[in-house]
2 protein chains.
Amino acid sequence: MNPYIKRIKDLSNRLDPQILAELEGGFFDKKFSKESYLLRPGQICTSHLLVKEGVARKFYKHNEKEITTEVYFHDDVAVSLDSYIMRKPADVYIEALTELEVTIIDYSKFHKVKSTYSEVMMLDKMFIEYYAVWFEHRLKEFQTLDASQRYLKLLEKEPKVVQLLPVTIIASYLNVSLETLSRIRSKIASR
Amino acid sequence: MNPYIKRIKDLSNRLDPQILAELEGGFFDKKFSKESYLLRPGQICTSHLLVKEGVARKFYKHNEKEITTEVYFHDDVAVSLDSYIMRKPADVYIEALTELEVTIIDYSKFHKVKSTYSEVMMLDKMFIEYYAVWFEHRLKEFQTLDASQRYLKLLEKEPKVVQLLPVTIIASYLNVSLETLSRIRSKIASR
DNA sequence: GCAGAAATTTGACTCAAGTCAAATAATCAC
DNA sequence: GTGATTATTTGACTTGAGTCAAATTTCTGC
């Protein structure tokens, strides 16, 4: 696990029991079936979705083509930041790639607890910080690496994505065509 | 000005005078000469730099090539998020492109005020949220637009960048070669 | 186990954008 | 102003990655 995420988790676990109790009042669990959507364009994203079991992804459509921006596994948080923060309709889908179980952290309840306890506000801020830095790195990958380098980096940093997901989705995450990804893989295999 | 940034500014102005006074104790102004660096790789970024006068940019080097990630004008905040948040050595330069005057917001002082006043923590969080969403949009531009479309979008969203900066820097911001940018411009001019 | 569907690979061709080199144009120092 | 330096444009060529089409492999349900 990323050390910053680990720090956020540790701090969360050490919160005052009183606060934890209040927080959990705003959590509830929900199951989604494979291929169903947790969020669609046009909806406002009013919660954070903490993945308990299964795999999900976020993607958007551009000229009929799907572009996957994130893949979520156990303990990852799925959210359309843009929609959640700006309180405007989302332009992305969040989709269950398998049977999925999530904990839903509702905005309004969470917001109240944050305003009361600055420790919670701080944890929320740390989560966004992590997100911002993650985006910065991902942008850098697109600016500096070609298709095969991006694939190798993914293999190194997120092997689960490569192992568990179909080529279509891996390709859309790397922003290359199916065919190119297939060629990259065969070239690597033949080395 | 972006509406979310406007909201942050309005809220800042409406802070309790007591808080404002404490905050300003941690601010100080500094001048930089053209082509000097406000931050270099290896240094830890321990402050936010609020531009009062002049233009600056952030860039990194990749295989000898400079890649400009952001350009800062009056009222923009320059910071290496990665270094500032993770408290680790930066891998970017922040450079004065003109004579430059900035207000330096020191980490440790700012941190103290944030822990005391949750309104300030909240404003800081809003700033990061803005940053994260900005990065998300910029990433999307690289994933969906070709070189000329990126140029046209920059012209539309940040005309000052195109008007005030040399082609070298505009090209490195769009992540295209000098020559390609030059060809894009001549093609657009001849329409 | 087999037919049909879906996913993946391979081939042939195209094109956006890069590189290297040379030519202009703009800017600066004196 | 003039020559020198720097910035920008133009030309010729190369290449990474896309598209469309066909072949092959893998996965289904029955």
Side-chain angles (χ1 to χ4, degrees), chain A residues 33-35 55 57 59-68 71 95-99 138-155 161-191, chain B residues 33-35 55 57 59-68 71 95-99 138-155 161-191:
Chain A
S33 58
K34 185 172 171 170
E35 285 172 27
V55 187
R57 66 161 176 158
F59 71 94
Y60 60 89
K61 287 188 184 175
H62 179 76
N63 300 343
E64 303 298 297
K65 201 177 71 180
E66 292 183 2
I67 297 179
T68 300
V71 177
E95 181 194 18
L97 294 175
T98 61
E99 295 297 304
R138 191 152 153 76
L139 180 62
K140 189 171 180 178
E141 282 178 14
F142 279 103
Q143 289 173 328
T144 57
L145 305 179
D146 65 22
S148 352
Q149 291 170 326
R150 290 205 297 280
Y151 176 71
L152 288 170
K153 181 135 276 178
L154 182 65
L155 210 50
V161 171
V162 180
Q163 285 153 20
L164 300 174
L165 303 184
V167 175
T168 321
I169 289 179
I170 305 171
S172 89
Y173 184 77
L174 293 171
N175 209 32
V176 299
S177 66
L178 278 187
E179 296 92 331
T180 296
L181 178 55
S182 175
R183 288 187 180 104
I184 288 169
R185 300 182 98 163
S186 73
K187 200 147 130 210
I188 289 172
S190 73
R191 285 197 314 215
Chain B
S33 58
K34 185 171 170 173
E35 286 173 24
V55 187
R57 66 161 175 156
F59 71 93
Y60 61 89
K61 288 189 184 173
H62 179 77
N63 300 342
E64 303 298 296
K65 202 178 68 181
E66 293 183 0
I67 297 179
T68 300
V71 177
E95 182 193 19
L97 294 175
T98 62
E99 294 297 303
R138 192 151 154 75
L139 179 62
K140 189 171 180 177
E141 281 177 15
F142 279 103
Q143 289 174 328
T144 56
L145 305 180
D146 65 23
S148 353
Q149 290 170 326
R150 290 206 295 280
Y151 177 71
L152 289 169
K153 181 136 277 178
L154 182 65
L155 210 50
V161 170
V162 180
Q163 285 153 19
L164 299 174
L165 303 185
V167 177
T168 320
I169 291 179
I170 305 172
S172 87
Y173 184 78
L174 293 170
N175 207 34
V176 298
S177 67
L178 278 187
E179 296 92 331
T180 297
L181 178 55
S182 175
R183 290 188 178 102
I184 288 168
R185 300 181 99 164
S186 74
K187 200 146 129 210
I188 289 172
S190 72
R191 281 196 321 212

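Numbers restart at 1 for each chain; the letters A, B, ... are given by sequence-line order, proteins then strands.
A donor-acceptor contact shorter than 3.5 Å is absent between the side chain of A:Ser182 and the backbone of A:Leu178. Listed for the A:Asn63 side chain is no donor-acceptor partner under 3.5 Å among the backbone atoms of A:Lys65. Here the side chain of A:Glu66 pairs no donor or acceptor atom with the backbone of A:Lys61 at under 3.5 angstrom.
Note: B:Leu155 CG to B:Ile170 CD1 = 9.0 Å, rounded to the nearest 0.5 Å. Atom-to-atom distance recorded for A:Asn175:CG and A:Glu141:CD is 12.5 Å, nearest 0.5 angstrom. Taking CG of A:Leu174 as the start and NZ of A:Lys153 as the end, the distance is 12.5 Å to the nearest 0.5 Å.
When the side-chain nitrogen and oxygen atoms of B:Ser186 are compared with OP1 and OP2 of D:dT10, one or more of them lie within a distance under 4.0 Å.
Whole-Å rounding puts the A:His62 NE2 to D:dG18 P distance at 13 Å. A straight line from CG of A:Leu181 to P of C:dT10 spans 12 Å, rounded to a whole angstrom. The interatomic distance linking A:Leu164 (CG) with C:dA7 (P) rounds to 17 Å, in whole Å. The CD atom of B:Glu35 sits 12 Å away from the C1' atom of D:dT6 (whole-angstrom rounding). For the pair B:Gln143 CD and D:dG18 P, the interatomic distance rounds to 13 Å; values are reported in whole Å. Distance B:Leu178 CG to C:dA17 P: 15 Å, rounded to the nearest Å. Rounded to whole Å, the distance from CZ on B:Phe142 to P on D:dA17 is 16 Å. What separates CD1 of B:Ile184 from P of D:dT10 is a distance of 13 Å, to the nearest Å.
Comparing B:Arg185 and A:Ala147 by the nucleotide of DNA chain D whose heavy atom lies nearest to each, the residue mapping closer to the 5' end is B:Arg185.
The two residues A:Leu181 and A:Ala171 make their nearest non-hydrogen contact at CD2-N, 3.6 Å. Heavy atoms only, all atoms of each residue included: A:His62 and B:Thr144 are closest at NE2-O, 3.3 Å. Across all non-hydrogen atoms, the minimal contact from B:Ser33 to B:Ala96 is O-CB, 3.6 Å. Minimum heavy-atom separation, B:Val176 to B:Arg150: CG1-NH2, 3.6 Å. Here the shortest heavy-atom pairing between B:Phe59 and B:Thr68 reads CB-CA, 3.7 Å.
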Show each protein N/O and nucleotides 19-23 of chain C N/O combination with a separation under 3.5 Å, one pair to a line.
unit_1	atom_1	unit_2	atom_2	d
C:dC20	N4	B:Glu179	OE2	3.3

Set out, line by line, the N/O atom pairs under 3.5 Å between protein and nucleotides 25-30 of chain C.
none

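Note that A:Arg138 lies in the cation-pi zone of A:Tyr173, set by a 6.0 Å cut-off to the ring centre and a 45° limit from the axis.
Looking at the side chain of B:Asp146, the nearest of the listed nucleotides D:dT8, C:dT8, C:dA17 is C:dA17. The side chain of A:Val167 sits closest to C:dT8 out of C:dG18, C:dT8, D:dT9.
If one axis is set at each end of the helix from C:dG1-D:dC30 to C:dC30-D:dG1 from five pairs, those axes are 50° apart, to 10°.
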